[in-house]
Amino acid sequence: MERNIIYLDTVDSTNSYLKRLAKNGAKEGTIVLAKEQTQGKGRKGRSFQSEQNMGIYMSVLWKPQCELSQLSEVTAWVAVAVARAIEGVTKVSPGIKWVNDLILNHKKVSGILTESSIDCATGKIQYLIIGIGVNVHNKESDFSEEVGKIATSLECVTGKTISKEILQKAMIAELEILYKQWPTGKREYLEGYRKRCITTGKDVIIERNGEKYEGKALEVTEDFRLKIKLKTGEEEIVSSGEVSVRGLNGYLS
Ligand code: BTN
């Protein structure tokens, strides 16, 4: 895949920007990096705090041969790739909160938002925009009160100065490895995911159609879904789109 990196000072959202480029035929592998996002997007319509020079705000355009049902799998692989990059550069090892939040000291340091464009006629994926945000330089006081309860940064956790440029490069290198491994390298990513997953073994609450069900997360399945034993004794396998899982720290994923 050809490397094409676009550096921006400020943008609404690197995902939205790349989506606009993709609609105009941008090449697979195009990467957008911004110093600041004015409307950084999180999952489930939330926003992602993206102040100038605090973090890495990156989106990657990918056109994988995969089924719609594999979308959450792609995102899970990306979580492993980003965790590896962070580990390599900072020497601290983030946990993965199912399905794709990277956690250090019980707080989120990185989130991933994958957006897709589907061809209505064929049902096939036209392209994916994989958006990754990493909090790097933020001090505790840089987060809003609400966000500070659930988010931290690599510098807060390590107490060291972390180079955004070095981490960015490491992330891009890991994404290129991932791209080459898709889909045959699944075993390695699944093992990497299971090893880092902090949700398994925890009490969780599933929220579905306004109802809440309590249970325990048992394992990450072969297709990166979560097997849960409900309090009723029944076992269920859930995927990210249909449920919210609440860990003990109260953070909704
Ligand atoms: C989440 O935690 O819910 C996902 C956060 C994803 C944030 C990244 S930052 C780069 C890209 N552009 C966006 O607007 N969002 C993603």
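Order of listing sets the numbers, starting from 1, for every ligand and every atom in it. Owing to the predicted nature of the structure, the values given are computational and were not obtained by experimental measurement.
Numbered from 1 in the order shown, with element, the atoms of ligand 1 that lie under 4.0 Å from a heavy atom of Ile112 read 4 (C). The ligand atoms of ligand 1 that sit less than 4.0 angstrom from a heavy atom of Gly40 are 14 (O). Near Gly42, meaning under 4.0 Å from one of its heavy atoms, ligand 1 places the atoms 1 (C), 3 (O), 4 (C), 5 (C). When each atom of ligand 1 is checked for a heavy atom of Thr14 under 4.0 Å away, the hits are 10 (C), 11 (C), 12 (N).
Distances between N or O atoms of Tyr57 and those of ligand 1 include no value under 3.5 Å.
Using a 3.5 Å distance cut-off with no hydrogens or angles, the side chains of Gln37 and Thr14 do pair a donor with an acceptor.
Across Lys108, Lys41, Gln39, heavy-atom proximity to atom 7 (C) of ligand 1 is greatest for Lys41.
Looking only at side-chain heavy atoms (C-beta outward), Ser16 and Lys41 come within less than 4.5 Å of each other.
No option in Trp77, Tyr127, Tyr179 other than Tyr179 meets the ring pair (Phe, Tyr, Trp, His ring centres under 6.0 Å) test with Trp62.
Between Met58 and ligand 1 there is a heavy-atom distance shorter than 4.0 Å. Within the structure, ligand 1 has Ser59 among the residues with a heavy atom less than 4.0 angstrom away.
For NZ of Lys164, the number of neighbouring non-hydrogen atoms (other residues, nucleotides, ligands) closer than 6.0 Å is greater than 12.
Taking the charged nitrogens against the carboxylate oxygens, Glu222 and Lys186 have no contact shorter than 4.0 Å, which rules out a salt bridge. A salt bridge is absent between Glu28 and Lys63: the closest approach of a Lys/Arg side-chain nitrogen to an acidic carboxylate oxygen does not fall below 4.0 angstrom.
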